[in-house]
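This structure is a prediction, so every number in the text was calculated from the model and none was measured.
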Amino acid sequence: MQSRDPKRKIFLIATEESGDRLGSALMKVLRQRLGDGVQFVGVGGRTMAREGLETLFPIEELSIVGFAAVVQQLPKILRLIRETADAVTEAAPDALVIIDSPDFTHRVARRVRARSPAIPIVDYVSPQLWAWRPGRARTMLGYVDHVLGLLPFEPEEYRKLGGPPCSYVGHPLIEQLGSLRPNTEEQARRNSEPPVLLVLPGSRRSEIRHHLAVFGAALGRLQAEGRAFDLMLPTMPHLEATIREGIANWPVKPQIVIGESERRAAFRTAHAALAKSGTVTLELALSGIPMVTAYRVGAIEAFILRRAIRVSSVILANLVIGKDVIPEYLQEDCTPEKLAPALAELLTDSPLRRQQVEAFARLDQIMSTGNKSPSVLAADIVLATMRKGRRTS
């Protein structure tokens, strides 16, 4: 008897822009593999919509940052979790792919596994259980069939912690090296005087508020010491007003560059960077830009994180390299008095600068995925998990 619906149905959930981009690339490869025989449903943003996804709700509804904001919005968050889980079980897909945002997506996945245990579940982007709350690995074993890791050390972490199978599929940044690395002319500018210095205070308004004043004061100290540099501050259009307001009293004014293509152009000429810790540290490292990193959060977040963190460094690039080559100045150490001399070192041919440049040169090998792109490797595993868990009734 012929099936009523021969199409394979894949439910995807991505609630942030970075996850939306990953989901879109994955959908593109899955459509190449399955042709018209696949249907996508779920939650996503604009790029996933362009690949044919009709989202249950706009992902902007979950753009909530900070513990206080989460508490205020908790009823709404819980309602969206319930509604999304209901939609998954009603759709009865051949696979559920949850992408990043573990505080939301994992709660949905647990509900789906409890109600419909036959639906295979793939987690694209591991939670940072290697950094904090390692017990999540064993918990995930109960509701995740396979984890797609972006970082090369993650499969071994899952093995040690007793979690579900994890495969390294590669970070999306390794597909973007051409836009991160300079051509001959850009390399000449990177090596010329005065050096281009990037300042990257964060991609969220709360991060920007925590970092702009101290970053500006550190750069003022650097200038007062007679250090010459061209300062560039890349940001996105929706943050421009916040940035301009925050730098109004800076003693040294940066050139603000708006948008992704201009941001990458700035990376290709930069000699050094002052950056908020996060994914941007890996982006800078792959670009070959030595950096000083810093991070400040509110008092409550700091209290919780200090007791939870279980790694020697919070700098993603350090963790991938396997050595703490990038200095980090966190909380009370994030001061102009400490940041300015560290930056001054990077503007000269210092041992600190040379150590970082040599370490960054190893990243291509460390992060290699062979001759397959991350989205292709991810699609391979989604399809294999889907076939293995496919229902016959």
Which atom pair, heavy atoms only, marks the closest approach of [X] to [Y]?
{"X": "Gly19", "Y": "Met48", "answer": "O-SD, 4.3 Å"}
{"X": "Leu219", "Y": "Val252", "answer": "CB-CG1, 3.7 Å"}
{"X": "His271", "Y": "Arg353", "answer": "O-NH1, 2.7 Å"}
{"X": "Thr235", "Y": "Glu240", "answer": "CG2-CA, 4.3 Å"}
{"X": "Ile99", "Y": "Gly23", "answer": "CD1-CA, 3.5 Å"}
{"X": "Arg189", "Y": "Thr269", "answer": "CG-CB, 3.9 Å"}

Handout entry: Identified side-chain contact (heavy atoms from CB on, under 4.5 Å) partner of Tyr124 from the options Asp100, Leu12, Val169
Key =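 Testing Tyr124 for a side-chain contact (heavy atoms from CB on, under 4.5 Å) against Asp100, Leu12, Val169 leaves exactly one candidate, Val169.
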Could you check if a side-chain atom of [X] sits within less than 4.5 angstrom of a side-chain atom of [Y], using non-hydrogen atoms only?
{"X": "Val125", "Y": "Leu22", "result": "yes"}
{"X": "Val147", "Y": "Pro165", "result": "no"}
{"X": "Val43", "Y": "Phe57", "result": "yes"}
{"X": "Arg205", "Y": "Arg209", "result": "yes"}
{"X": "Leu286", "Y": "Arg181", "result": "yes"}
{"X": "Leu56", "Y": "Thr84", "result": "yes"}
{"X": "Met291", "Y": "Leu274", "result": "no"}
{"X": "Asp86", "Y": "Arg115", "result": "yes"}

Output the distance between atom [atom1] ([X]) and atom [atom2] ([Y]), rounded to the nearest 0.5 Å.
{"X": "Ile256", "Y": "Ile258", "atom1": "CD1", "atom2": "CD1", "result": "6.0 Å"}
{"X": "Ser375", "Y": "Met27", "atom1": "OG", "atom2": "CE", "result": "13.0 Å"}
{"X": "Leu239", "Y": "Ser203", "atom1": "CG", "atom2": "OG", "result": "7.5 Å"}
{"X": "Phe215", "Y": "Leu343", "atom1": "CZ", "atom2": "CG", "result": "9.0 Å"}
{"X": "Leu363", "Y": "Leu177", "atom1": "CG", "atom2": "CG", "result": "9.5 Å"}
{"X": "Ile321", "Y": "Arg362", "atom1": "CD1", "atom2": "CZ", "result": "6.5 Å"}

Problem - Derivation and outcome, side-chain contact (heavy atoms from CB on, under 4.5 Å), residues Val112 and Leu96 - result: CA-CA 9 Å; Val112 171; Leu96 167 63; 4.2 Å; yes
Check whether [X] and [Y] end up in the same hydrophobic cluster, where Ile, Leu, Val, Met, Phe, Trp and Tyr are linked by side-chain heavy atoms less than 4.5 Å apart.
{"X": "Val320", "Y": "Val292", "value": "no"}
{"X": "Ile289", "Y": "Leu339", "value": "no"}
{"X": "Leu173", "Y": "Ile366", "value": "yes"}
{"X": "Leu352", "Y": "Leu197", "value": "yes"}
{"X": "Ile243", "Y": "Val280", "value": "no"}

Counting only heavy atoms not in [X], do more than 12 sit closer than 6.0 Å to its [atom1] atom?
{"X": "Asp333", "atom1": "CG", "value": "yes"}
{"X": "Glu54", "atom1": "CD", "value": "no"}
{"X": "Glu17", "atom1": "CD", "value": "no"}
{"X": "Asp36", "atom1": "CG", "value": "no"}
{"X": "Glu156", "atom1": "CD", "value": "yes"}
{"X": "Gln365", "atom1": "CD", "value": "no"}
{"X": "Lys372", "atom1": "NZ", "value": "no"}
{"X": "Glu225", "atom1": "CD", "value": "yes"}

Exercise for the section: Would you please test Ile98 and Val108 for side-chain contact (heavy atoms from CB on, under 4.5 Å) and show each step? Expected result: CA-CA 9 Å; Ile98 56 174; Val108 172; 5.6 Å; no
Hey, does the side chain of [X] reach the backbone of [Y] with a donor-acceptor pair shorter than 3.5 angstrom?
{"X": "Thr293", "Y": "Pro327", "value": "yes"}
{"X": "Trp250", "Y": "Leu212", "value": "yes"}
{"X": "Asp230", "Y": "Pro195", "value": "no"}
{"X": "Ser116", "Y": "Ile119", "value": "no"}
{"X": "Lys9", "Y": "Ala91", "value": "yes"}
{"X": "Tyr295", "Y": "His211", "value": "no"}
{"X": "Asp123", "Y": "Val144", "value": "no"}
{"X": "Arg268", "Y": "Ser179", "value": "yes"}
{"X": "Asp20", "Y": "Gly44", "value": "no"}
{"X": "Gln187", "Y": "Asn183", "value": "no"}

Salt bridge or not for [X] and [Y], using N-O below 4.0 Å?
{"X": "Arg354", "Y": "Asp349", "value": "yes"}
{"X": "Glu83", "Y": "Arg79", "value": "yes"}
{"X": "Asp94", "Y": "Lys7", "value": "no"}
{"X": "Glu283", "Y": "Arg264", "value": "yes"}
{"X": "Asp380", "Y": "Arg33", "value": "yes"}
{"X": "Glu60", "Y": "Arg46", "value": "yes"}

Exercise for the section: Run the numbers on Gln355 and Lys323 for side-chain contact (heavy atoms from CB on, under 4.5 Å), then give the verdict. Expected result: CA-CA 11 Å; Gln355 183 187 40; Lys323 186 178 179 182; 3.8 Å; yes
Practice task
Kindly indicate, with the supporting measurements, whether the criterion side-chain contact (heavy atoms from CB on, under 4.5 Å) is fulfilled by Leu26 and Leu148.
Solution key: CA-CA 12 Å; Leu26 174 63; Leu148 309 179; 5.6 Å; no
